[in-house]
Amino acid sequence: MPRRRSLHATRWDSIRSPGDQDKWSRLPMQAFPTITISTIIAVRSHRAGVVRFESPGYFPLVLLSMKQAQPCGTGLDSVLFCGGASADVSPSLDIPELPDLEADLRALIAAIPAGKLTTCGMLAEALGDRAAAVWIGRWLQEHAHHDSCHCHRVVRVGGVVGGYARDAAFKLARLRAEGALLPDGSWNPEALLPREVLHSVLPSPPLAELRRWQEEVRRAVRLQPLANPPEYLGGVDASYGVRGEAVAAYCHVRRSDGQLLESIVVRQPCRFPYISGYLAFRELPVMLAAVSAARRAGLRPDLLLVDGAGVLHPRRAGLASHLGVLLGTPTVGVTKKLLCGTLPQGEPQLPGAASPIVLDGETMGVCLRSQSGHARCVYVSPGHLVDVTDGATWTAACFPRRLPETIYWADRISRQASRRPG
DNA sequence: GCGACAG
DNA sequence: ATCTTGTCGC
């Protein structure tokens, strides 16, 4: 009997009492400046013959940033999931305060005067990384523009004015009226806003700051063999609802037979966009919440598989490394596409086979083909407290479908939950 | 010049 | 990641 007994009814019953809900609503939120609030939307046992726990309502979940485990002592720790006891977490790194990139982007665009122009790439540079250009381009296409906004002054490289939400003609007319166009209809290169102007709007570019934090994570990462063969494997993945809210699922799988034992789903608002290389800042909060909730329910994986890269990352600090460092637990990153690195031997051909992935002349990951020999491989790299070999070995241990079982279930369950209303 | 670029 | 129709396969 199972270690899983900790997911018994009593603990959850205490959470469900109306009195506790009241306590929650009276909690002074100002007391927790960097707190992340999540909602548990499902806790399930998947073992046949075992009572299934379905949470009927939504419970608040509070994840304190790691340095702030103190406020748990308010007597609410039976109600709130406070990131666990302080011994659970590595106190060395704190979750950084996330910038409001959309507000920063609006500020940059507002700073483009009439008659002047800029490009997505230059705006991205001003935010701190050219990689943000893709998101900016999409934002400009989707965001509802007003007569007073300056979004029409963002053009494409090479003279093409480019789209503008659904009204390219309006954009063209305004630019012509502002004198930024040449007679042939292309935009005037001399109208380009100098870099310094945008730089002065955001003297400390937010993405550059986040990069500095990634370097801290990189320094904290330890790649080492796993002490013991893992008995339980965890998997986390995130999906997004129609209103953009993030939903994460943690799935607990028994390594010996690959069976899904338990799952936990949490939800929280999400403001940070997807930018290649910065996925951690989009998904870390909701994933930390899911894993913390799992911990409080007694689910402690010996190895956590994350849907995202580990050290196979431009700064060797992918999502899985962030999770590992913040939780102080062994993590492995698993992706469906390669973010960086090369395959000197190509992809493995045989079912269940592996081939190395090299980054900067060093084997930093492994390409795995499933035991069923699926056409598409996965790309595995250690996140933290595990090495390349062990990470790949235990990822391959429960891998009968296209994705490792942990990731398969987390993907499926989070997606299903994100499509539900609420 | 064009594509690539975890989710 | 999400948006979508039909289509292929077990």
Side-chain angles (χ1 to χ4, degrees), chain A residues 101 120-121 124-125 127-139 141-142 156-160 207 210-211 214 217 235-249 267-288 290 305-324 331-343 357 359 364-368 372-383 391 395 400-404 407-408 410-420:
Chain A
L101 288 187
C120 291
E125 259 177 41
L127 286 176
D129 197 322
R130 281 207 100 93
V134 180
W135 165 62
I136 296 171
R138 219 191 51 185
W139 185 85
Q141 290 296 323
E142 293 171 359
R156 283 175 54 180
V157 177
V160 184
L207 293 178
L210 293 179
R211 240 178 357 259
Q214 288 182 328
V217 169
V236 270
D237 189 21
S239 298
Y240 297 86
V242 282
R243 289 187 310 256
E245 76 274 17
V247 174
R267 187 190 59 189
Q268 67 176 212
C270 177
R271 299 269 309 153
F272 201 93
Y274 170 72
I275 297 169
S276 180
Y278 300 83
L279 176 65
F281 303 105
R282 176 165 170 82
E283 304 207 332
L284 197 52
V286 74
M287 284 192 174
L288 279 170
L305 278 67
V306 182
D307 194 330
V311 296
L312 228 38
H313 177 275
R315 292 168 288 282
R316 296 200 184 185
L319 173 58
S321 296
H322 284 71
L323 267 175
T331 56
V332 173
V334 180
T335 58
K336 303 166 204 77
K337 289 188 287 189
L338 198 55
L339 172 60
C340 57
T342 57
L343 294 154
I357 305 172
L359 186 62
M364 298 298 291
V366 173
C367 178
L368 291 179
S372 57
H374 192 96
R376 295 176 62 187
C377 291
V378 296
Y379 307 90
V380 179
S381 61
T395 298
R401 322 184 207 228
R402 182 170 109 68
L403 299 173
I407 300 292
Y408 167 82
D411 181 85
R412 202 172 190 276
I413 290 172
S414 68
R415 195 195 326 274
Q416 177 197 306
S418 74
R419 289 170 152 276
R420 291 237 168 265

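Numbered from 1 within each chain, the chains take letters A, B, ... in sequence-line order.
Listed by chain and number, the residues in a ring pair (Phe, Tyr, Trp, His ring centres under 6.0 Å) with A:His322 are A:Trp213, A:Phe281 (sequence neighbours excluded). Applying the side chain to side chain donor-acceptor pair (under 3.5 Å) test to A:Asp237 and every residue at least two apart in sequence or in another chain returns nothing. A search for side chain to side chain donor-acceptor pair (under 3.5 Å) contacts involving A:Tyr278 returns A:Asp129, A:Arg211, not counting sequence neighbours. Partners of A:Arg138 under the salt bridge (Lys or Arg N to Asp or Glu O under 4.0 Å) rule, at least two apart in sequence or in another chain, are A:Glu142. Applying the salt bridge (Lys or Arg N to Asp or Glu O under 4.0 Å) test to A:Lys337 and every residue at least two apart in sequence or in another chain returns nothing. Listed by chain and number, the residues in a side chain to side chain donor-acceptor pair (under 3.5 Å) with A:Trp135 amount to none (sequence neighbours excluded). When the side chain to side chain donor-acceptor pair (under 3.5 Å) test is applied to A:Gln214, the partners found at least two apart in sequence or on another chain are A:Arg315.
Checking side-chain atoms of A:Ser239 against main-chain N and O of A:Arg415 turns up a donor-acceptor pair under 3.5 Å. With hydrogens and angles ignored, the 3.5 Å screen pairs a side-chain donor or acceptor of A:Ser381 with a backbone N or O of A:Gly310. In this structure, the side chain of A:Ser372 engages the main chain of A:Pro400 through a donor-acceptor pair within 3.5 Å.
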* Asked: For DNA chain B, what string of dots and brackets results from 5' to 3' when Watson-Crick and G-U pairs need both distances under 3.5 Å, crossing pairs get [ ], and pairs with another strand get |?
  -> .......

* Map every base of DNA chain C to its dot-bracket character, where paired means a Watson-Crick or G-U wobble contact with both distances under 3.5 Å and | marks a partner outside the strand. => ..........

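Of all heavy-atom pairs spanning A:Leu359 and A:Arg316, the tightest one is O-NH2, 3.6 Å.
Side-chain contact between A:Leu101 and A:Leu207 is present, with at least one heavy-atom pair separated by less than 4.5 Å.
Distance A:Leu323 CG to B:dG7 P: 15 Å, rounded to the nearest Å. Taking atom OH of residue A:Tyr379 and atom P of nucleotide B:dG7, one finds them 10 Å apart after rounding to whole Å.
Protein chain A contacts DNA chain C over a range whose 5' and 3' limits, counting nucleotides with an atom under 4.0 angstrom from a non-hydrogen atom, are C:dA1 to C:dC3.
Here salt bridge (Lys or Arg N to Asp or Glu O under 4.0 Å) pairs that include residues 270-283 of chain A, with residues two or more places apart or in two chains, are A:Asp100-A:Arg271.
Within 4.0 Å (heavy atoms only), A:Arg130 reaches no atom of the nucleic acid at all.
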Sub-3.5 Å pairs of nitrogen or oxygen atoms, protein against nucleotides 3-6 of chain B:
from, atom 1, to, atom 2, distance (Å)
B:dA6, OP2, A:Tyr274, OH, 2.3
B:dA6, N7, A:Gly277, N, 3.2
B:dA6, N6, A:Gly277, O, 3.2
B:dA6, N6, A:Tyr278, N, 3.4
B:dA6, N6, A:Leu279, N, 3.2
B:dA6, N6, A:His313, NE2, 3.2
B:dA6, N1, A:Leu319, N, 3.3
B:dA6, N3, A:Ala309, N, 2.9

